[in-house]
Amino acid sequence: SEGLELEIQARQFWNMRKSAYESEALSSEDQRIEDTLTELGFKFDMRCSYEVDDCTGYAIRRQIEQVVFWLPEQEDICRRFLTDFCVIIDATFNTNRTRLLLGMMTGMSNVMLTTAKAASFPGPFSYFKSESRENWEFFIEVASRHCWIRSPKVTIADSGAGLISVFPQTALGGGTLQRCIWHLHENLKKRISSKKNGYEKEKRAEIYAAGWGYLKAETTEDLDISRSRLYALLKADDKIWLDTHWRPIERIFADRKSVV
């Protein structure tokens, strides 16, 4: 090194040596997630990001952005019993100490419990940090490869911007995206119950009931009647809100027999 006039500090040498042996180093939390799923017998697929050392170009740290997981038996049974009629997609909060969202896909079994009702059937699950388009796209892509043979005709989901924006480009994009009327009604309740809107308790109850009537309308005639009934109870700002958020998609949640 003296002849070449090279000089390197001990810490720099150690970091370069460490990077060479740890091109895919894991954080302890990421390793626990992977080890736990393996120990419990789950199959899984992950989407990761990497921190790269500027000097060596080696990855020095891996961060799991999302993991999709399912049981081996679940994969076989989903392919056998899930219909291509409908799938429900949602994510829920506060299910774990890491505060990751738990994404779920639930289909309908082709074995009828009664003549009028089919059993719901759980598909894969996913842990992710946010309901971004990247997370929904990866979740749907993995599920389509492992858990169904034919893509469902109808997908029921909430009004999240990430899922709505990426839906047409996914394996589910050939079907209809139908908004979950429960989520839509919850959005209405949240707006109407706000103190700044100033609705009395009795008036709010009327609006909630009228909102359900609007969301559950099954014909064009019922839709017009129930919409007028709801509008008659609302203040001007809330009518504008309804025109902005519900009117453009009312065809999706109304007249469902012809949609499906």
Side-chain angles (χ1 to χ4, degrees), residues 23-52 59-79 82-108 120-180 183:
S23 60
E24 196 173 315
L26 305 177
S27 69
S28 58
E29 182 177 316
D30 283 3
Q31 188 64 64
R32 284 196 297 270
I33 293 174
E34 194 168 353
D35 290 346
T36 300
L37 290 173
T38 301
E39 182 181 348
L40 293 174
F42 283 99
K43 297 176 73 173
F44 55 90
D45 201 349
M46 298 185 299
R47 188 172 64 85
C48 304
S49 60
Y50 295 88
E51 181 182 342
V52 178
I60 59 175
R61 185 172 183 272
R62 184 187 73 179
Q63 176 70 45
I64 296 178
E65 299 295 335
Q66 180 180 12
V67 57
V68 181
F69 57 98
W70 63 94
L71 290 170
E73 302 88 343
Q74 196 175 11
E75 181 174 345
D76 296 334
I77 294 173
C78 281
R79 288 182 174 275
L82 276 185
T83 70
D84 62 351
F85 170 64
C86 178
V87 64
I88 300 171
I89 301 179
D90 199 6
T92 188
F93 299 83
N94 299 325
T95 64
N96 55 84
R97 286 181 295 179
T98 59
R99 297 185 179 180
L100 294 172
L101 301 181
L102 175 62
M104 299 164 288
M105 287 192 185
T106 305
M108 294 178 63
S120 60
F121 201 96
F125 302 91
S126 180
Y127 281 127
F128 45 81
K129 298 176 182 178
S130 68
E131 295 190 61
S132 68
R133 58 176 292 131
E134 292 82 8
N135 288 332
W136 284 122
E137 183 176 27
F138 184 72
F139 191 10
I140 294 171
E141 189 271 328
V142 173
S144 67
R145 282 194 281 113
H146 294 283
C147 292
W148 63 68
I149 298 174
R150 297 180 299 274
S151 297
K153 297 181 178 68
V154 177
T155 300
I156 299 176
D158 63 16
S159 300
L163 177 58
I164 291 174
S165 66
V166 79
F167 182 81
Q169 288 81 51
T170 68
L172 299 175
T176 298
L177 176 60
Q178 183 170 308
R179 307 299 172 81
C180 173
H183 282 99

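Values below: every heavy atom of this structure, side chains too, minus hydrogens, waters and symmetry copies. Numbers for residues simply follow the sequence, beginning at 1.
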Checklist line | Evaluation steps, side chain to side chain contact (heavy atoms under 4.5 Å, CB included), between S126 and N135 | finding: CA-CA 9 Å; S126 180; N135 288 332; over 6 Å; no
Next item on the list: Give the ring-plane orientation class for F69 versus F42, where under 30° counts as parallel, over 60° as perpendicular and anything between as tilted.
Entry: perpendicular
Note to self: Walk me through whether E141 and V68 qualify under side chain to side chain contact (heavy atoms under 4.5 Å, CB included).
What the structure shows: CA-CA 10 Å; E141 189 271 328; V68 181; over 6 Å; no
Item checked: Aromatic centroids of F167 and W136 separated by under 6.0 Å -> no
Notebook entry, point to check: Taking all non-hydrogen atoms of both residues, which atom of M105 and which atom of A143 are closest, and how far apart?
Noted result: SD-CB, 3.6 Å
Checklist line | Non-hydrogen atoms of C147 and C78 that approach each other most closely | finding: O-CB, 3.2 Å
Note to self: Ignoring hydrogens, what is the shortest heavy-atom contact between D90 and D158? Give both atom names and the distance.
What the structure shows: OD1-OD2, 3.9 Å
Notebook entry, point to check: Is there a side-chain contact between R47 and V142, using heavy atoms and a 4.5 Å cut-off?
Noted result: no
Next item on the list: Measure from the side-chain N and O atoms of T176 to the backbone N and O of Q178, and report whether any donor-acceptor pair falls under 3.5 Å.
Entry: no
Checklist line | Rounded distance [0.5 Å steps], CZ in R32 versus CD in E39 | finding: 13.5 Å
Checklist line | For the student: nearest non-hydrogen atoms of F128 and A91, plus distance | finding: CZ-CB, 4.0 Å
Item checked: R62 with E34: basic N within carboxylate O range, under 4.0 Å -> yes
Next item on the list: For residues I140 and T155, determine if any side-chain heavy atom of one lies less than 4.5 Å from a side-chain heavy atom of the other.
Entry: no
Check: Can you tell me how far the NE2 atom of H183 sits from the CD1 atom of I156, to the nearest 0.5 Å?
Finding: 11.5 Å
Check: Can you tell if the side chain of M46 reaches within under 4.5 Å of the side chain of I33, non-hydrogen atoms only?
Finding: no
Next item on the list: For the residue pair V67 and L100, establish whether any side-chain heavy-atom pair is separated by less than 4.5 Å.
Entry: no
Note to self: Using 0.5 Å steps for rounding, measure from the CZ atom of F44 to the OG1 atom of T38.
What the structure shows: 3.5 Å
Check: Can you list the steps and then say if D84 with K153 is a side chain to side chain contact (heavy atoms under 4.5 Å, CB included)?
Finding: CA-CA 6 Å; D84 62 351; K153 297 181 178 68; 3.3 Å; yes
Checklist line | Side chains of P122 and W70 in contact at under 4.5 Å (non-hydrogen atoms) | finding: no
Next item on the list: Of all the heavy-atom pairs spanning Q74 and G123, show the shortest one and how long it is.
Entry: NE2-O, 2.5 Å
Checklist line | Heavy-atom check, side chain of E65 versus side chain of K129, under 4.5 Å | finding: yes
Note to self: Are the side chains of F138 and D45 in contact, using a 4.5 Å heavy-atom criterion?
What the structure shows: yes
Notebook entry, point to check: Looking only at heavy atoms, what is the nearest atom pair of L163 and A157, with distance?
Noted result: CD2-CB, 3.3 Å
Notebook entry, point to check: Between atom CZ of R61 and atom OG of S49, what is the distance when rounded to the nearest 0.5 Å?
Noted result: 8.0 Å
